[in-house]
Engineer: 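Take this structure, written in structure tokens, and hold onto it; I'll ask about it next.
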Amino acid sequence: MSQRVFITGFGIITSIGKNTAENVQSLLHRRCGFGELNVLDTIHGKTLPACEIKLFNAELCALAGVAEGKGYTRTALLGLIALQEAIQSASLSPAEVQQAGLLSSTTTGGIREFERHFYELMDPTQAGDFVQYTDTANPGEHGERLADAVGIKKYIATLSTACSSSANSIMQGAQLIKHGKLERAICGGTEALSRFTINGFNSLMIVDPQHCRPFDNTRKGLNLGEGAAFVVLEGEDALAKSKKQPLAELKGYGNANDAFHQTASSPEGTGAFNAMRLALDMGGIAPADVDYINAHGTATENNDLSEGFGIQKLFGDTVPLFSSTKPYTGHTLAAAGSIEAVYCLLGLQHRVVWPNLNFNEQMPELSVSPVRELKQNVTLKQMLSNSFGFGGNTSSLLIAAV
Amino acid sequence: MTGNMQYYIQGIGMISPQKTFDNQLFLDEISTYDQNVLTSVVPDFKAYINPIQLRRLSRMLRIGLASATICLRDAGIDKPDGIITATGYGFLDETEKFLREMLELKEKQLTPTHFMQGTYNALAGLEAVTIKCMGYNNTYVSKGFAFENALQDAMMHIAENETAHFLVGSYDEAASVQFIASIREHHYKTEKISNLDLFNTPTLGTIQGEGSAFFDLTGVQTDNTWCVLKDSRMVYRPETTDELAVELRQFLKENDLTLEDVDVWINGITGDATRDARLKELETRELKALPQVRYKHLSGDYCTATSFALWLGASMLKKQHIPDIVKVNGFEMPKEIRTVLSVNHYMDRNYSFQLLHRAV
Amino acid sequence: MSQTIEELQLELRQELVKQLNLEDMIPADFNENTPLFGEGLGLDSIDSLELVVLLDRNYGIKLKDPKEGRHVFQSIRTMAEYIQKNRVQA
């Protein structure tokens, strides 16, 4: 029943690039998306900078090749742009797309449009352009819209496990392939900045008005970001038929729950440890054989401490190179897992380890520190990508070179 | 899922607009509603949730947590191997509260409680913390497919380890935001009806329902088993009734069954004259001769209503009884109920079939 | 307007009960020195964030760092003392 699952393509849009090539250039040249907000209208635009994609929805519609006024939310548009690039990158035929599964994820779906038109929408006597956003206060709407836009019918699912969402959608796509339910699955997540999210995280007092500093002793919280990424997964049976060369193998994955607190990770990093250990066990990989970890590394006091302990506990004296790429993109919430999986794949392709920007001062609680400068000519065989979220959700993906 | 694998429903917790939280009862008392909005008949939460937790929980989180607790107690399980939840609109009342405060206070001086409790995975996370379940944890939010996705996820895990127990739950609330916003789309009827008249109305729209149902699924049968969940299948946006009929026949065939083997089918029609058309045509073409039960006059319609159908089917199989309130006239009900088929749709977009057997 | 510390403590107690849904939770021997967190009333980190907003909304006091709250929110008495020292008078 069980078969190996490979990655054959991906697509991405973030505040540091509207496609793969632009993301690579920004990563190589330490260009970040952090800055004042001028697309989203919020009172926090100057006081709580974030990693915003500097394109208005009309421009995103043009990029995605859809008409304006058809009810595409920003979350759906970002998703569609990344999804189209992923399909193209894996050279999927229309028939293959139709028979694929789409597993998307988001934390708030179209809340950005819903909050903007809230009073109009709550008054059924009013009419206007805003009615295109009538059903956007739910996360599943974007998933069906993406499926409809590219013609996927076979299987659709939208997941929402806070900041670990798209890692779980990748995992679930792989499960469906392993169990013979699907030959291929396109998996990822998409997230637009919204006032709802910015104010929500601000009310939790975990947003840093300065540029975030993962694993640094002076870290004060996260920066939010927006973006989307999708990866194409194909089973070995499908590849045997098509003779396509995969980019990498999804060798393992782990999903666990920290079961500690609604919005905080356990101080010992139990959930993080369990998720990574499960991923390694599935892949039959010893901790010492992991070459790189793309850490969740949000730069909140709690996450980095918990994740750091989890890593030290699992790897002991052989902690691999690790970095958080969140200073580049901000925390893109549901999209973070797939964006960072793509960054692992790009690291593999370019033989580099992306730096953990803004790290200056060692955390006294930890004995390890992240990679500060771009490392080139690195042979990466096995990489972990961590994604953790509220509700205790912890997930880890094991991506291996082929 | 196909093959020889069997999935057993070992426990159920169900809170709905009917008094379903007590597993000893089976639609013995019926609640009626006349405003097109059906809200849950709830137990005394103190019997299921500790007071420190109860203090801050929203209504829907209380409902969800209580139904999860009822399910685990029914199954006799302290800690399942994983928790999977499903919802269409999540905790929309909480989202609305945070949103209104944010707009009214112009993004200043906001407290986090409503924001946190509006998160879609809040229930799965809270349940994990409550019972210290550090295993698999996931949440599906795929509107009319969320519950079906969750079932499939659990079934694959059980196929990998048949002794594992998975707690699979749904929750959706009759939120006023959804009701008001969807007036434009005629999701709900504009004329007020009594819920029990739902299937006699010739108009567009349905009635708004809600509920939270939890199921303990495992791969090994015990004396407590409610029934066998044999298989589940989704069909997204069928273009023709033909397509739906082909899917249904294939679904049965993959499970070595024909329509003649089905003793009762559970019809998920919603009372919406237009959106029910395809299911009615499927009924006329394929299912006409089979004894039929309906439920959305009792539950209302919501994204994860398939979970109500699953509770209804499991209850009929376990209790070998069909309450009059769900029976459709003109059929002789079977003496022994062995096989139950559920056919549901959400907004004429998300169709799904589930197949249940009597545990023998 | 001058409010005695006793009046302020009574006001805080009522506000706490209201904001944090403590109706059924206040023990009989609860007084201004009962610890709000841990062994006392059992409040948690989210309550602490609610209290930060309460200080801001009702008394015009802004805590920048949630860690400051740990000292301020030890008991009704420590809260009242902090408010008297720092409140912004209308």
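Basis for what follows: all heavy atoms, side chains included, without hydrogens, waters or symmetry-related copies.
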Engineer: A quick test of your reading: do over 12 heavy atoms of other residues, nucleotides or ligands sit less than 6.0 Å from CZ of A:Arg195?
Structural biologist: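 It does: A:Arg195 CZ has more than 12 such atoms within range.
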Engineer: For A:Gln262 and B:Leu126, indicate whether the former's side chain and the latter's backbone hold a donor-acceptor pair under 3.5 Å.
Structural biologist: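 Side chain of A:Gln262 to backbone of B:Leu126, a donor-acceptor pair under 3.5 Å: yes, one is there.
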Engineer: Set out, in order, the CA-CA distance, both residues' side-chain angles and the distance that settles side chain to side chain contact (heavy atoms under 4.5 Å, CB included) for A:Asp135 and B:Tyr89, then state yes or no.
Structural biologist: CA-CA 10 Å; A:Asp135 193 34; B:Tyr89 287 80; 2.5 Å; yes
Engineer: Heavy-atom distances under 4.5 Å only: say whether A:His142 touches chain B with side chain, backbone, both or neither.
Structural biologist: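 When you check distances to chain B, no heavy atom of A:His142 falls under 4.5 Å.
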Engineer: Please name the pair of heavy atoms, one in B:Gly88 and one in A:Pro139, separated by the smallest distance, quoted to 0.1 Å.
Structural biologist: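 That would be O-CD, 3.7 Å.
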Engineer: Relative to chain A, which segment of B:Thr139 carries a heavy atom at a distance below 4.5 Å: side chain, backbone, both, or neither?
Structural biologist: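 For B:Thr139, backbone and side chain are both near chain A.
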Engineer: With distance as the sole criterion, is a donor-acceptor pair present between the side chains of A:Asn138 and B:Gln178 under 3.5 Å?
Structural biologist: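 No pair is found: no donor N or O on one side chain lies under 3.5 Å from an acceptor on the other.
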Engineer: With rounding to the nearest 0.5 angstrom, report the CG to CE distance, B:Asn138 to A:Met171.
Structural biologist: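 Reported value, rounded in 0.5 Å steps: 8.0 Å.
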Engineer: Given a strict heavy-atom distance threshold of 4.5 Å, which part of A:Ser160 is in contact with chain B: side chain, backbone, both, or neither?
Structural biologist: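 Contact with chain B is through both the backbone and side chain of A:Ser160.
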Engineer: Give, as side chain, backbone, both or neither, the part of B:Glu239 having an atom under 4.5 angstrom from any heavy atom of chain A.
Structural biologist: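 Looking at B:Glu239, backbone and side chain both touch chain A.
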Engineer: Hey, are A:Lys153 and B:Glu243 close enough for a salt bridge, meaning a charged N less than 4.0 Å from a carboxylate O?
Structural biologist: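 Result for this pair is yes, salt bridge flagged.
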Engineer: Passes side chain to side chain contact (heavy atoms under 4.5 Å, CB included), A:Asn257 versus B:Ile83? Steps please.
Structural biologist: CA-CA 9 Å; A:Asn257 195 288; B:Ile83 299 168; over 6 Å; no
Engineer: Would you say the side-chain atoms of B:Ser142 pair up with the backbone N or O of A:Thr158, donor to acceptor, closer than 3.5 Å?
Structural biologist: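 Confirmed, B:Ser142 side chain pairs with A:Thr158 backbone.
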Engineer: Tell me whether A:His44 contacts the main-chain N or O of B:Glu107 through its side chain, where contact means a donor paired with an acceptor under 3.5 Å.
Structural biologist: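 Yes; judged by distance alone, with no hydrogens or angles, the pair exists.
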Engineer: Tell me the residues of residues 117-125 of chain A whose non-hydrogen atoms fall below 4.5 Å from those of chain B, in number order.
Structural biologist: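 Within residues 117-125 of chain A, the residues under 4.5 Å from chain B are A:Phe118, A:Tyr119, A:Glu120, A:Leu121, A:Met122, A:Asp123, A:Pro124.
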Engineer: Is the closest side-chain donor-acceptor distance between A:Gln175 and B:Gln152 under 3.5 Å?
Structural biologist: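 There is no such pair between these side chains.
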Engineer: As an exercise, state the distance from CG of B:Asp153 to NE2 of A:His179, rounded to the nearest 0.5 Å.
Structural biologist: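 Answer for the CG-NE2 pair, B:Asp153 versus A:His179, is 9.5 Å.
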Engineer: Nearest 0.5 Å, please: how far is CZ in B:Phe115 from CZ in A:Phe201?
Structural biologist: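 Between A:Phe201 CZ and B:Phe115 CZ, I get 4.5 Å after rounding to 0.5 Å.
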Engineer: Once you round to the nearest 0.5 Å, how far does OH of B:Tyr120 lie from OG of A:Ser165?
Structural biologist: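 B:Tyr120 OH to A:Ser165 OG: 11.0 Å, rounded to 0.5 Å.
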Engineer: Which bit of A:Ser169 is near chain B, if near means a heavy-atom gap under 4.5 Å: side chain, backbone, both or neither?
Structural biologist: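 No part of A:Ser169 comes within 4.5 Å of chain B.
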Engineer: Is chain A contacted by the side chain of B:Val177, its backbone, both, or neither, given a heavy-atom distance below 4.5 Å?
Structural biologist: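 It is both, since atoms from each part get that close.
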Engineer: Would you say B:Lys97 has more than 12 foreign heavy atoms packed within less than 6.0 Å of its NZ?
Structural biologist: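 Above 12, so yes.
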Engineer: Using modelled atom types and a 3.5 Å cut-off, is there a donor and acceptor pairing between side-chain atoms of B:Asn121 and backbone atoms of A:Phe390?
Structural biologist: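 Yes, B:Asn121 side chain to A:Phe390 backbone: donor-acceptor pair under 3.5 Å.
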Engineer: Determine, for B:Lys143 against A:Glu144, whether the closest basic-nitrogen to carboxylate-oxygen distance falls under 4.0 angstrom.
Structural biologist: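 Between A:Glu144 and B:Lys143 there is no salt bridge, as every charged N stays at least 4.0 Å from the carboxylate O atoms.
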Engineer: Given a strict heavy-atom distance threshold of 4.5 Å, which part of B:Arg237 is in contact with chain A: side chain, backbone, both, or neither?
Structural biologist: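 B:Arg237 touches chain A through backbone and side-chain heavy atoms alike.
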Engineer: Answer with side chain, backbone, both or neither: which region of B:Glu96 has an atom nearer than 4.5 Å to a non-hydrogen atom of chain A?
Structural biologist: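 For B:Glu96, the side chain is the part near chain A, not the backbone.
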Engineer: Strictly less than 4.5 Å between heavy atoms, which residues of residues 128-137 of chain B line up against chain A? Please order them by number.
Structural biologist: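 Residues of residues 128-137 of chain B touching chain A at under 4.5 Å: B:Ala128, B:Val129, B:Lys132, B:Cys133, B:Met134, B:Gly135, B:Tyr136, B:Asn137.
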Engineer: With rounding to the nearest 0.5 Å, note down the distance linking CG in B:Leu110 to CG in A:Leu204.
Structural biologist: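 Rounded to the nearest 0.5 Å, the CG-CG separation comes out at 11.0 Å.
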Engineer: Chain B heavy atoms under 4.5 Å from A:Asn393: which part of the residue, side chain, backbone, both or neither?
Structural biologist: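 Just the side chain, heavy atoms under 4.5 Å.
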Engineer: Work out which heavy atom in A:Ser203 is nearest to a heavy atom in B:Phe98; give both atom names and the distance.
Structural biologist: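 In this case the closest contact between A:Ser203 and B:Phe98 is OG-CE1, 4.3 Å.
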Engineer: Tell me whether B:Asn50 at atom CG has more than 12 heavy atoms from other residues, nucleotides or ligands lying less than 6.0 Å away.
Structural biologist: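 Check passes, neighbour count above 12.
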Engineer: Would you say the side-chain atoms of B:Arg184 pair up with the backbone N or O of A:Ala127, donor to acceptor, closer than 3.5 Å?
Structural biologist: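 It does not hold such a pair.
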Engineer: In Å and rounded to the nearest 0.5 Å, what is the CG to OG distance from B:Leu99 to A:Ser194?
Structural biologist: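 Rounded to the nearest 0.5 Å, the CG-OG separation comes out at 9.0 Å.
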Engineer: Verify the distance criterion only: is there a donor paired with an acceptor across the side chains of A:Asp148 and B:Tyr236 at less than 3.5 Å?
Structural biologist: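 There is such a pair (donor and acceptor under 3.5 Å, judged by atom type) between the side chains of A:Asp148 and B:Tyr236.
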Engineer: With chain A as the partner, which of B:Gly125, B:Gly118, B:Pro112 has the greatest number of non-hydrogen pairs under 4.5 Å?
Structural biologist: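 Winner by heavy-atom pair count: B:Pro112.
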